[in-house]
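Each remark here refers to the structure printed beneath this line.
By convention in this document, chain letters (A, B, ...) are assigned in the order of the sequence lines, proteins followed by strands, and residues within each chain are numbered from 1.
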Number of protein chains: 2
Amino acid sequence: MRTSDKHSKIIEAAITVFARKGFFSARISDIAKEAQVADGTIYLYFNNKYDILISLFEEEIGKIILEVKLLIEKESDPRKMLQIFALHHMQLMEEQKELAEVLQMELRQSNKFMREYRNTKFIEYVDVVSAIIHKGQEEGVFRKSLLPGVFKRAFFGALDETSRLWVLSPDHSYTIDEAARQISDIFTFGIMTASPEGEKVTGP
Amino acid sequence: MRTSDKHSKIIEAAITVFARKGFFSARISDIAKEAQVADGTIYLYFNNKYDILISLFEEEIGKIILEVKLLIEKESDPRKMLQIFALHHMQLMEEQKELAEVLQMELRQSNKFMREYRNTKFIEYVDVVSAIIHKGQEEGVFRKSLLPGVFKRAFFGALDETSRLWVLSPDHSYTIDEAARQISDIFTFGIMTASPEGEKVTGP
DNA sequence: CAAAAATGAATGAATACGCATTCATAAGAC
DNA sequence: GTCTTATGAATGCGTATTCATTCATTTTTG
């Protein structure tokens, strides 16, 4: 097997194994087996176990940021932008459950065991939201009293926690699209300067 | 040292150490040293390392549930109930930063390495929110179209993510009370049947 | 165009080490 | 003097990482 990209193969295997067992319980040999590669081969592509996790973060979140920025750029209404962000985030979690689990669980506690690692990619992702809020405030669509720093976290947290539990629990009384719609509606109507009766952002 | 309650002492030490290092990087000897107790003593009170974590969850979340239910029972307006929940949750995270870190990080990934453990206490806590929504819907204060199952997660997620990052980052452009107020306002105005112009839930 | 030599990617058994858990022993209570 | 509680050094296991070895491929030579 000469042509296969071992780096990506190992990253993908790591996503699967970390999702199943968590970073600490995952063994290098598990990842190697999943990637159909020898244990030692992994060390030709990564310095150590942490390095796999960090590379995984950087690469995967990088892709996500590119995608969502591209989608949002096409839109000009800040309220619709929020809707798009919500839908994209939730669909992503649905389509890539394993990646979702790794990002949601391991990403957060990574700064606990990797002191020096500052996750700039993650910050960049969440800052997409605060940029939208800022724009909305300048255009007078969103209340000026809103703190974008609070809003971005609240909005992201709402999406993330909802999708996290949606992915975990097997019983689904609602779809991911419904949830995304409900959340962006709650937030949008909540932050509009005008009364919700005025103009509808969502369709009938 | 006869009078000191070793069980609680160990739990408290574990909160400190787990908060600092995370569950896996924390050593039993760290906890023992923090609790001013010998390594072996810990095994007189807990079966193993996991058992410390589980006991910690059960006991601490148990206390929190009691507190918040007591506060909420005093209120009858569902909108105010949400506000109280938000404020209580955020203040708790501020007052007990270490406990906050452990609950937010370790609680979530606990089901990854402890297969059999179902965290009923946590579910009970979040269900306090869905109960409020349900009441609000029956009274006609909240939109009937809301899915309480989505709302409770979104609301909890918003609070939790905001407080999580507030606790982590040293630079605070807003207080925890402001954040709680902003979040419950966003959610409340967003879910009211009447226009936000009608009646104000929050003061001037 | 073969045959020989060099290369380096891949392997996986061996190593080394960290740390949860145990248990023989000591200290304290009554 | 016995029973309870506490100690911490010793044990043993699990697994991250290393590295001597194996080939498939490429390059050199005549």
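Whole-Å rounding puts the A/Lys33 NZ to D/dT15 C1' distance at 14 Å. Atom CG in A/Leu53 sits roughly 15 Å away from atom C1' in D/dA16 (whole-Å rounding). Counting to the nearest Å, the P atom of D/dC3 and the CG atom of B/Leu44 are 18 Å from each other. Atom NE2 of A/His7 and atom P of C/dA9 are 15 Å apart (whole Å). A/Lys21 places its NZ atom 12 Å from the P atom of D/dG14, with the value rounded to the nearest Å. Put simply, CD on B/Gln36 is 12 Å from P on D/dG8, counting in whole angstrom units.
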Polar pairs (N or O, both sides) under 3.5 Å between protein and nucleotides 25-27 of chain C?
none

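Between B/Lys6 and D/dA6 there is a side-chain polar atom (N or O) within less than 4.0 angstrom of OP1 or OP2.
Contacts of B/Glu12 classified as salt bridge (charged side-chain N to carboxylate O under 4.0 Å, His left out), with partners at least two apart in sequence or in another chain: none. Applying the side chain to side chain donor-acceptor pair (under 3.5 Å) test to B/Tyr174 and every residue at least two apart in sequence or in another chain returns A/Arg153. Checked against side chain to side chain donor-acceptor pair (under 3.5 Å), A/Asp127 has the following partners two or more places apart in sequence or in another chain: A/Ser130, A/Lys152. Residues that satisfy the side chain to side chain donor-acceptor pair (under 3.5 Å) test with B/Glu59, not counting sequence neighbours, are B/His7. Residues that satisfy the salt bridge (charged side-chain N to carboxylate O under 4.0 Å, His left out) test with A/Glu139, not counting sequence neighbours, are A/Lys135. For A/Lys33, there are no side chain to side chain contact (heavy atoms under 4.5 Å, CB included) partners at least two apart in sequence or on another chain. For A/Ile28, the side chain to side chain contact (heavy atoms under 4.5 Å, CB included) criterion is met by A/Ile42, A/Tyr43, A/Lys49, A/Ile52, not counting sequence neighbours.
If you check D/dT7, D/dA6, C/dT11 against the side chain of B/Tyr45, the one that comes closest is D/dA6.
A salt bridge does not link A/Lys9 to A/Glu34: none of the charged nitrogens lies less than 4.0 Å from a carboxylate oxygen. With respect to A/Glu178 and A/Arg181, no salt bridge is recorded, no charged nitrogen being found less than 4.0 Å from a carboxylate O.
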Q: At under 4.0 Å between heavy atoms, which parts of nucleotides 19-24 of chain C does protein reach? Answer with one letter per nucleotide, 5' to 3': B base, S sugar-phosphate only, - none.
A: SSBB--
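Within the nucleic acid shown, A/Phe46 has no heavy atom closer than 4.0 Å to any nucleic acid atom.
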